[in-house]
Amino acid sequence: DGSERPANTAAVEVRLLGPMALARSGQPIDLPPSRKVRALFGYLALAPQAVTRSSLCELLWDGPDDPRAELRWRLSRIRRVVGEGRRVLTHDDTVRLDLSGCGVDAIEVEEALKQGIAVISLDRCRTLAALFSGDLMQGLELENSPHFSAWLVSRRHHFRSLHAELLRRLAQSVPDDEALHHLEQWRQLAPCDMQVHRMLFDALARRGRVREAEEHLA
């Protein structure tokens, strides 16, 4: 299978924060209809290192006759999606998806926030927050794949926390008219977080929107 990728492989834009979408040179790429192919692609895109085939079989299949054959077939579909270049890399019994040079929204957010929210400019926070159009890999829940379901729940919680952190920073730092927009997004994301309710109430009161503030308090 090899371990190197030709330098002329076209870069792909990958959107995972919401419904999965891929594009090359601004043109949408048709995704395979198989939910497991898309789930496998998303999992490998976020994997920090190569994953063993046995781990992938356990992740996505609960007892097919030949899970390794199923895995090979789905990896072949991913190769078609990401182009002729060798981005699906295999070595011994491991698989890795090489997305170097590509833009992956979830990884962009994660890498930016590793620096700490305080050092990120407000414009950059706005750009990162705008990358979220829903839950991670929205709509890619799988039946009869409990290990994948557990992974997806955990990763969604992680990225919701990152989204909330961005919205909190914006709500605390921008004028009330803009802050209200971010606060409402934050409230929908974390309806049990009392801080967002207090900040939303205060922002409405400062703007003289007393009735809305009272309705929210109620």
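Heavy atoms only: backbone and side chains are in, while hydrogens, waters and symmetry mates are out.
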Practice item. Keeping the roles fixed (side chain from Q138, backbone from D135), state whether a donor-acceptor pair exists under 3.5 Å. Key: yes

(message) Please check this pair: side chain of R169 against backbone of I117, looking for a donor-acceptor N/O pair closer than 3.5 Å.
(response) yes

### Task
Please lay out, stage by stage, how S100 and D98 fare under the test side-chain hydrogen bond (donor to acceptor under 3.5 Å, both in side chains).
CA-CA 6 Å; S100 56; D98 179 9; 2.8 Å; yes

Verify, without hydrogens or angle tests, whether R38 (side chain) and P32 (backbone) share a donor-acceptor contact under 3.5 angstrom. yes

Is R77 reaching over with its side chain to a backbone N or O of P33, donor-acceptor style, under 3.5 angstrom? no

Taken to the nearest 0.5 Å, the spacing of L189 CG from F159 CZ works out to 13.0 Å

- [ ] Tell me whether I120 is reachable from V174 by hopping between hydrophobic residues (I, L, V, M, F, W, Y) whose side-chain heavy atoms are closer than 4.5 Å.
- [x] no

Scanning both residues in full, the closest heavy-atom pair of G18 with S133 reads CA-OG, 3.6 Å

Expected output: side-chain R35 to main-chain E141 donor-acceptor under 3.5 Å:
yes

Any salt bridge linking K36 with E70? Criterion: basic side-chain nitrogen under 4.0 Å from a carboxylate oxygen. no

query = Between T90 and V95, is a side-chain contact (heavy atoms from CB on, under 4.5 Å) present by the stated rule, with each step listed?
reply = CA-CA 5 Å; T90 59; V95 180; 4.1 Å; yes

Open item on the list: With a 3.5 Å distance limit and no angle check, can you tell me whether R24 reaches the backbone of V82 through a side-chain donor-acceptor pair?
Closed with: yes

So, the side chain of R96 versus the backbone of L89: is there a donor-acceptor pair under 3.5 Å, distance only? no

Interatomic distance, CZ@R126 vs OG@S121, rounded to 0.5 Å, equals 8.5 Å

Taking every heavy atom of A106 against every heavy atom of L46, the minimum-distance pair comes out as CB-CD2, 3.9 Å

Residues 123-156 vs ring-ring contact (aromatic ring centres under 6.0 Å, His included), sequence neighbours excluded, gives Y43-W151, F132-H163, F148-W151

Sorted by chain and residue number, the salt bridge (Lys or Arg N to Asp or Glu O under 4.0 Å) partners of E58 (sequence neighbours excluded) come out as none

When every non-hydrogen atom of A45 is compared with those of I107, the smallest separation belongs to O-CD1, 3.4 Å

*Any side-chain heavy-atom pair from Q172 and Q195 closer than 4.5 angstrom?*
yes

dist R15:CZ -> D105:CG (nearest 0.5 Å) comes out at 5.0 Å

Discussion item. I'd like to check L44 versus L56 (side-chain heavy atoms, cut-off strictly below 4.5 Å). Are they in contact?
Written reply: yes

As a quick check of understanding, evaluate salt bridge (charged side-chain N to carboxylate O under 4.0 Å, His left out) for E184 and R187, giving each step before the final call.
CA-CA 5 Å; E184 182 56 33; R187 184 189 66 79; 2.4 Å; yes

Check your understanding: Is there a path from W73 to W61 through hydrophobic residues (I, L, V, M, F, W, Y) whose side chains come within less than 4.5 Å of each other?
Key -> yes

Review point. With distance as the sole test, does S161 use its side chain to make a donor-acceptor pair with the main-chain N or O of H157 at under 3.5 Å?
Key: yes

(request) Please check if atom CD in Q188 has more than 12 non-hydrogen atoms from other residues, nucleotides or ligands closer than 6.0 Å. (result) yes

In L180, L166, V196, L167, the residue satisfying side-chain contact (heavy atoms from CB on, under 4.5 Å) with Q185 is L167

For R72, the salt bridge (Lys or Arg N to Asp or Glu O under 4.0 Å) test, sequence neighbours excluded, returns none

